[in-house]
Amino acid sequence: MKTTIEEILAKHEHAGRDQLIPVLQEIQDHQGYISEEAVVKTGRLLKIPTSRIYGVATFYNQFRFEPMGRYHIQVCRGTACHVLGSSTVLEELEKHLKIKAGQSTRDGLFSIEVVACIGACGLAPVIAVNGEFHAKVTGESIRNIIDEYKLQAEQS
Amino acid sequence: MRFQINVNGSPVEAIQGETILETLNRNGIQVPTLCHIKNFIPSGTCRICVVELEGSGKLIPSCSFPVEKGMKIQTHSARVIESRKTIVELLLSNHPDDCLYCVRNTNCELQDLAREHHVVERRVRGKKNGHKIDHSSPSIVRDPDKCILCGRCVRVCEETIGVAAIDFINRGSKTVIGTTFNRGMNTSSCVNCGQCIMVCPTGALSEKQHITEVQAALTDHSKVCVVQYAPSISVSLAEEFGLPAGTDMNGVLNAALRKMGFARVFDTTFSADLTIMEEASELIERVSKGGTLPMITSCCPAWIKYAETFAEDFLPNLSSCKSPQQMLGAVIKSYFAETENIAPASIYSVSIMPCTAKKFEAGRDSMGQNGLSDIDAVLTTRELIDMIRWYGIDMRNIRLEIADSPLGAHSSAGKIFGASGGVMQAAIRTAYKMLTGKELVQYKVDQVWGLAGRKETKIQINDLELGVAVVSGLANAKVLLDEIRNGRNDIHFIEVMTCPGGCVAGGGQRIGARLCDVQSRVDALDQIDERESIKVSHKNPEIIELYEKFLGQPLGHKSHELLHTHYHKRDVLK
């Protein structure tokens, strides 16, 4: 049986090296991240070394290499949020969850993504958890927000 | 087409299609470079080679800018010098600055540039990166903090070696050089050849050092420390000690190693001869009994790992012979131990190699007997030089000595293993004798000798026309393998060396040797081949003795046990 990745790649049978990014995008759309299998099989199809694929993919913020957590946290690092302290928010969040942006917690509950601008500058600094916005977050409030989601996960 | 351009107010002849840098260098004008590698397509990333284009008000990278008719260039105007200095200062801003503790201290391009540009105060203080050092590889240590992202390692790994184990990861200030998924080098497709180290301008890439272990063993009285050195070592040391490149320091080296405290000094050239006895026999067996052809040499451990990783369909083609390093290691802990009545476990066997992949090879599963490794430690030429200095040995005023016997005598056929085409020539000489009973009169096969990346010829032996091919620089091997995959069948025997030009340009050699120095090493080996009286492996008296007293015959039972090995497919991210 073909895996999802193989099905996607089969559609790009005649693709060349220049199709690398669209192919990776399609894989990420279906899988939520770029897995090892994706890198290896895409490399084989397009005749590109895996190191080069990883190099290209890490150049762009849009690609992630771990599955998303149940709660996917987008931290806005746009100008307005930055001015109002989003770097501290991100730092605290990373400290609290013990992961870095782009990673997922080992229990699969949370993942962090840094986004350039979420389009809610009036609420800065802002984060979105599975699309749910939290306005004017601070280094302290972020811990409470996370704990609430943890509680929610335990109860469900 | 030739035309003139103006450089610093004087006319200079340029050739259409050249870069400005090529024109300048051809006319003896020096411009500093960092990301540039000669004969590679320029990448133009570091900008240290900028020159000023008069009239345009622009600074342009000379390495990647083609010359144009009527150009007026300033190579050392105040603006150019200031820009270059700023580049160096910025590169230094996040550098660890621990030069005194760095393996490349006094042999570092960044250090040189800082001195040449009179960087004597810190104008820019940047945040240090704090990356972890990757110690995972048995051969290569990567310290990304010292990396200046010139990308030379990335290019050599992909373009010369054809492996592409590393690339630029992330972007902007977060960029690092790393493997797929930024994992350890040990699990990557790296073949441990060390060519990345040879082009690294700083200490970001270096070999996994074994000096400390060797030192400890030398002072351990319960150990009998023995050493062997590869054929290319004796012709690769001279420049370091102020002698003309390519000077053969064989006798000096024997004496120096004894001064360090090695109980026995053996010559890997002896086991190169042994390899030839086994390999030539194997070739004849394959040709006459319809074995897998073309047979491919197995002396080069980086090539072996490459085949296991990228060309598993050719594993049956690889000669089953261990490399000379491992053969000698195996013979030392069996034959030598037996004749000298020493317990194999108390022998500490060191090899000195022009190679980083040999460190990996020594640790391979199949490279030992009875739970003992054939080889205990591998030093590169660079580590050897460090040790010579450490022990205060004056290499220019030392009485020459000869290697220990047995396992020290060699033929010049074994000696030429040190350069591309050497193994092939040596094997042809012995195979010819084995097949015809006569010696090859024209013993030199010039068509396969020298630094060219790919060489082929045909040898007539009785009614067999033996097709032979020699490649160095693994990217060239890939092209040849593809031809064979596509049906080419006129080649019987292939010699593959990973490093371009063979071991004389190995990844463990002195850093900073010029191409002409490497050529001198090749010429030196050629002269040894002309000068020495025993020119064929099968006439090495100690080889004959070894077979009579211990091994029996080539490909015999004992040989198979000690001198042959097997290979397996490697599943890594490639």
Side-chain angles (χ1 to χ4, degrees), chain A residues 5 9 17 20-21 23-24 27-28 31-67 75 77-79 82 87-88 90-91 94-95 99-104 106 111-116, chain B residues 43 45 127 130-132 134 137 140 142 144 147 149 151 153-191 196 306 309-312 474-475 478-479 482 485 570-574:
Chain A
I5 289 165
L9 293 177
R17 293 172 74 106
L20 174 60
I21 291 173
V23 168
L24 290 179
I27 291 172
Q28 178 151 303
Q31 301 236 300
Y33 74 110
I34 305 293
S35 62
E36 187 177 312
E37 183 198 353
V39 170
V40 170
K41 289 183 175 163
T42 307
R44 223 175 278 158
L45 176 75
L46 303 180
K47 299 194 171 57
I48 307 177
T50 56
S51 61
R52 177 60 43 88
I53 294 180
Y54 188 67
V56 169
T58 52
F59 185 86
Y60 298 100
N61 264 332
Q62 58 177 305
F63 294 113
R64 29 184 310 116
F65 302 92
E66 287 180 34
V75 180
R77 291 284 288 120
T79 313
H82 175 73
S87 65
T88 319
L90 178 63
E91 216 173 277
E94 288 180 337
K95 227 187 274 172
I99 54 170
K100 293 274 174 207
Q103 296 179 329
S104 307
R106 287 175 78 173
S111 53
I112 308 176
E113 183 188 359
V114 167
V115 289
Chain B
S43 65
T45 50
K127 195 178 157 198
H131 296 299
K132 288 194 176 74
D134 181 0
S137 162
I140 296 168
R142 279 191 333 115
C147 175
L149 301 171
C153 51
V154 173
R155 305 198 60 195
V156 161
C157 191
E158 180 166 11
E159 295 174 36
T160 309
I161 307 301
V163 164
I166 45 175
D167 199 0
F168 290 93
I169 293 173
N170 301 328
R171 82 165 143 187
S173 60
K174 294 202 172 72
T175 310
V176 286
I177 305 286
T179 61
T180 315
F181 289 106
N182 218 356
R183 293 184 189 152
M185 289 274 276
N186 59 338
T187 58
S188 76
S189 59
C190 170
V191 297
C196 54
Y306 179 92
T309 309
F310 296 94
E312 59 194 74
L474 275 185
K478 185 176 183 295
V479 176
D482 279 340
R485 284 184 184 117
R570 282 174 196 271
D571 210 3
V572 297
L573 294 177
K574 60 190 178 212

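Since the structure is predicted, the reported quantities are computational estimates derived from the model, not experimental observations.
Within the 4.5 angstrom heavy-atom criterion, no atom of A/I53 approaches chain B. Of the atoms belonging to B/A165, it is backbone heavy atoms, and not side-chain ones, that fall under 4.5 Å from chain A.
Counting heavy atoms of neighbouring residues, nucleotides and ligands inside a 6.0 Å radius, atom NE2 of B/H131 exceeds 12 of them.
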* In sequence, state the C-alpha distance, the side-chain angles, and the governing distance for B/I166 and A/R52, and then conclude on side chain to side chain contact (heavy atoms under 4.5 Å, CB included). => CA-CA 8 Å; B/I166 45 175; A/R52 177 60 43 88; over 6 Å; no
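Heavy-atom proximity under 4.5 angstrom to chain A picks out B/T179, B/T180, B/F181, B/N182, B/R183 from residues 176-186 of chain B.
Under the 3.5 Å distance criterion, the side-chain polar atoms of A/T50 are matched with a main-chain donor or acceptor of B/K574.
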Listed pairs under 3.5 Å, donor-acceptor, residues 54-63 of chain A side chains, sequence neighbours left out:
unit_1, atom_1, unit_2, atom_2, d
A/T58, OG1, A/Y54, O, 2.9
A/T58, OG1, A/G55, O, 3.1
A/T58, OG1, B/N170, N, 2.8
A/Q62, OE1, A/Q25, NE2, 3.0

